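As structure tokens, the structure follows; a few thoughts come after it.
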Amino acid sequence: MFERILIANRGEIALRIIRAARELGCETVCVFSEADRGGPWLEQADRSVCIGRGPAADSYLRIDRIISAAETANADAIHPGYGFLSENAQFAEVCRDCNIEFIGPSPEAMALLGDKISCKRMAREAGTPIFPGSDDAIEDPNEAVEVAKSIGFPVIVKAAAGGGGRGMRIARNDEELVEGIASARQEAEAAFGNGAVYVEKFLEAARHVEVQCIGDKHGQAVHLYNRDCTSQRRHQKLIEEGPAPGVDAKIRDRVCNSASALIRNASYSGAATVEFLMDHEQHFYMLEVNTRVQVEHPVTELITGVDIVKESIRVAAGERLSISQDDVALRGHAIECRVNAEDPDRGFMPQPGLVEEFNIPGGFGVRVDTHVRPGYRIPPNYDSMIGKLIVHGRDRDEAIARMRSAIAEFKVGPIKTTLPLHARLLQAEPFVAHDFDIHWVERLLESPETAKS
Ligand code: ADP
């Protein structure tokens with residue numbers, strides 16, 4: 001096991017990693033920016049090191065400073081958390097060159113699955129369901145028109161190096177397609193330095209269902225079942241739950257096994273999530289693979305009892321997975337609400353500033369992962385998520401009731417949060433009946449009348 005882990009992240013995920021590391025007997029070193037000086041999570045680390053100014057580009061994204069902090073502190077491993085450098089293959093490579101274990105996949109596996117075209121190719125070989133479309137990068141727009149003719153409009157043009165929704169264009173006819181390829185290529189070239197684009201079928205209304213996987217360095221990989229993350233706004237997930245409701249066990253198991261096969265074939269070690277869209281007939285199509293621990297990992301921890309963060313530290317240290325697929329059993333239902341410091345009544349405007357009141361709920365089946373406490377000042381520089389409220393129940397109905405109760409107990413002030421919106425979503429018919437698609441929250445926000453009915 002590692003002696004000392006450097007955590008190249010902040011906030012709730014830094015705290016989550018500190019806790020896991022401590023249980024494994026590892027010391028922790030946290031890097032922090034000037035904007036995060038005095039952050040409550042830093043008190044829990046054995047040591048903390050300032051690496052620069054508030055903007056992430058001057059601190060949490062500075063590979064050179066993070067590596068020199070790790071070397072100075074004698075850390076033998078780095079955990080990147082999520083966001084920041086977590087999916088940066090170059091960072092993983094620099095860690096390896098410096099003899100520091102990157103807690104995550106090898107740079108090769110990350111690059112292979114991070115490129116959407118090579119990922120799709122691997123998925124096809126592993127039997128993971130994918131969207132029909134072009135097999136390779138589109139060189140000539142006429143090729144794309146041919147593909148669209150065979151699969152039917154609408155189609156979507158996507159960038160191989162895509163991320164954050166950039167380099168994507170929906171096309172409903174030939175002209176839009178030709179124009180979409182040119183503009184997506186340009187955008188991708190500017191954003192990622194890689195203009196490769198491809199075309200696939202566009203699904204109008206679908207649910208977001210993803211499969212949590214974890215692999216080790218000995219060729220083993222298991223899945224930890226699925227989660228539904230259909231409740232989103234502008235592609236930002238608001239509520240996640242697991243297992244995904246309304247998916248037949250047979251289909252679920254087939255898709256989950258195909259996801260772990262993909263991870264295994266990629267010689268992947270660490271936590272990974274294979275994301276899918278699912279249509280009304282429970283057809284699955286892979287979107288992408290996230291090569292890191294995800295915000296919503298606690299949902300899976302509660303329904304499987306597997307500590308994903310500890311397990312990923314163990315496999316990075318070369319240990320075998322402590323579980324086989326047969327050991328993974330589903331128990332009950334879990335729901336997570338992401339609590340963001342944003343004002344839902346004013347266009348989700350971020351709410352940096354002093355948190356005076358922060359009264360978190362508790363009780364049977366309630367978990368809160370947060371770095372915030374009364375007196376904490378939210379800096380304006382980063383993501384506005386200030387905590388995650390996760391509940392577990394025997395079944396979905398109990399989990400919903402428990403979540404409603406926990407939200408009522410959760411008091412934050414004077415800053416505004418998304419908690420009132422969560423309360424509203426948990427009451428809404430589409431959510432209760434899990435009769436929804438990825439646009440349902442936006443529709444509800446646009447038409448308050450339907451929301452109330
Ligand atoms: P990024 O890496 O940029 O986030 P994704 O492949 O994850 O790109 O896609 C982002 C979002 O775009 C998805 O969550 C989904 O809402 C939408 N999307 C992507 N591909 C399709 C598709 N083939 N059909 C319908 N929606 C899609």
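Every heavy atom of this structure was used, including side-chain atoms; hydrogens, water molecules and symmetry mates were not. Just follow the structure's listing: the first ligand is 1, and inside any ligand the first atom is 1. This structure is a prediction, so every number in the text was calculated from the model and none was measured.
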Does Lys116 have a heavy atom less than 4.0 Å from any atom of ligand 1? yes
If we check side chain to side chain contact (heavy atoms under 4.5 Å, CB included) with Val274, which of these qualifies: Asn290, Val289, Val209? Val289
Backbone or side-chain N or O of Glu288 under 3.5 Å from ligand 1 N or O: yes
A student checking ligand 1 against Leu277 at a 4.0 Å heavy-atom cut-off should list atoms 24 (N), 25 (C), 26 (N), 27 (C)
So the atoms of ligand 1 within less than 4.0 Å of a heavy atom of Met168 turn out to be 9 (O), 10 (C), 12 (O)
Does some non-hydrogen atom of Glu204 fall short of 4.0 Å from ligand 1? no
Can you tell me which portion of Phe202 lies within the under-4.0 Å heavy-atom range of ligand 1? Options are side chain, backbone, both, or neither. both
May I ask you to list the atoms of ligand 1 that are less than 4.0 angstrom from any heavy atom of Ile438? 16 (O)
Cation-pi geometry met for Arg331 and Tyr225 (6.0 Å, 45°): no
Between Leu203 and ligand 1, find which residue part has any heavy-atom pair under 4.0 Å and reply side chain, backbone, both or neither. both
Under 4.0 Å from a heavy atom of Glu200: give me the atoms of ligand 1 that qualify, with their elements. 20 (N), 23 (N)
Test item, Gln232 contacting ligand 1 (heavy atom, 4.0 angstrom): no
Students often mix this up, so state it plainly: with edges at 30° and 60°, are the rings of Phe84 and Tyr382 parallel, tilted or perpendicular? perpendicular
